[in-house]
Amino acid sequence: MVTVNGRDIARLAYALGLSANQMMRALDFYVVPEDETIPMGLQDTPSVLTERGPAYPALKKLEDDSCVFLKDNLCMVHPARPGVCRSFPFVFERSDGDMKWGLHALVEICSGMGKGDPVTKEELGVIGSAFLEEWRLYREFVDEWNIERVTHSAIDFIRAILEDPRFSV
Ligand code: SF4
């Protein structure tokens with residue numbers, strides 16, 4: 001699942017010239033049933049209150065499980081792809097003020113691993129800092145959304161993101 005944050009949503013909407021209503025066609029708000037454990041990949045992702053309960057905004061998947069933006073094995077939104085895609089296969093987290101990074105994927109599921117130019121420590125720092133800052137801003141926004149709003153709906157969440165200067169692109 002490709003989870004998205006506020007900057008990801010704004011970046012895609014801006015690049016594709018999509019309104020909040022149109023963005024809803026590219027996104028799903030995944031709800032984890034109450035009797036199920038939150039999957040590992042979502043445990044650090046803030047859930048957003050919607051009309052269907054807490055949910056995780058992510059790129060829509062097609063019937064074959066592929067991303068809505070994948071066509072002929074190419075990404076149709078490459079310059080505006082979400083941060084999770086930009087930083088793949090690296091994952092980042094902040095721990096005791098320091099940035100930690102790891103590898104997300106095994107070579108069996110990412111045929112590009114080990115090919116191309118090596119990523120330098122400096123490049124990794126730039127990518128990781130941008131990634132962590134976008135998610136920090138998004139967590140701040142989601143906390144406000146969940147607490148301060150009287151009513152919650154997915155479409156209003158997207159509208160609020162597109163209007164928020166923290167996510168302007
Ligand atoms: S890189 Fe593009 S096609 Fe692949 S998951 Fe990300 S947005 Fe979708």
Side-chain angles (χ1 to χ4, degrees), residues 1-32 38-48 50 54-94 99-120 123-139 141-142 154-155 157-164 166-169:
M1 179 188 308
V2 178
T3 50
V4 287
N5 60 39
R7 185 67 60 79
D8 294 328
I9 292 169
R11 198 162 32 217
L12 281 166
Y14 181 77
L16 300 174
L18 299 181
S19 65
N21 277 313
Q22 290 166 325
M23 275 304 293
M24 287 293 285
R25 289 192 224 147
L27 299 174
D28 263 332
F29 282 72
Y30 291 94
V31 175
V32 178
I38 296 174
M40 278 285 285
L42 290 178
Q43 286 180 0
D44 289 333
T45 306
S47 60
V48 172
T50 70
Y56 299 89
L59 295 186
K60 197 180 277 289
K61 285 189 191 173
L62 302 179
E63 277 179 19
D64 64 358
D65 236 22
S66 65
C67 172
V68 67
F69 291 122
L70 186 69
K71 190 172 179 202
D72 298 333
N73 218 24
L74 291 174
C75 175
M76 303 307 289
V77 293
H78 197 260
R81 66 200 184 285
V84 169
C85 308
R86 283 168 193 275
S87 57
F88 188 88
F90 299 103
V91 287
F92 303 94
E93 66 172 14
R94 187 128 351 243
M99 186 175 77
K100 308 261 192 261
W101 66 272
L103 278 175
H104 194 287
L106 300 171
V107 72
E108 294 84 53
I109 59 168
C110 179
S111 58
M113 279 183 72
K115 297 178 185 166
D117 295 333
V119 179
T120 65
E123 287 169 332
L124 208 52
V126 170
I127 296 167
S129 297
F131 180 87
L132 291 171
E133 177 60 8
E134 289 187 2
W135 281 95
R136 187 192 68 75
L137 286 174
Y138 181 64
R139 278 195 193 88
F141 177 84
V142 172
I155 181 67
F157 181 75
I158 301 298
R159 285 194 189 110
I161 279 180
L162 297 185
E163 288 167 3
D164 196 295
R166 280 171 287 191
F167 305 126
S168 61
V169 287

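Order of listing sets the numbers, starting from 1, for every ligand and every atom in it.
- Every pair passing salt bridge (charged side-chain N to carboxylate O under 4.0 Å, His left out) that includes a residue from residues 62-91 is listed here, sequence neighbours excluded: Lys61-Asp65.
- The side-chain hydrogen bond (donor to acceptor under 3.5 Å, both in side chains) pairs that include a residue from residues 13-29 are Ser19-Gln22, Asp28-Lys60, where partners are two or more places apart or lie in different chains.
- The number of protein N, O or S atoms lying under 2.8 Å from atom 6 (Fe) of ligand 1 is 1.
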Q.
Let's go through Phe167 and Ile9 carefully: what are the C-alpha distance in whole Å and the side-chain angles of both, what is the deciding distance for side-chain contact (heavy atoms from CB on, under 4.5 Å) to 0.1 Å, and is it a yes or a no?
A. CA-CA 8 Å; Phe167 305 126; Ile9 292 169; over 6 Å; no
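- Sorted by first then second residue, the salt bridge (charged side-chain N to carboxylate O under 4.0 Å, His left out) pairs that include residues 10-22, not counting sequence neighbours, are Asp8-Arg11, Arg11-Glu134.
- Remark: aromatic rings of Trp101 and Phe90 are close, center separation under 6.0 Å.
- Within the 4.0 angstrom cut-off, atom 4 (Fe) of ligand 1 has no protein heavy-atom neighbours.
- Tyr138 and Ile161 get closest at one heavy-atom pair: CE1-CD1, 4.2 Å.
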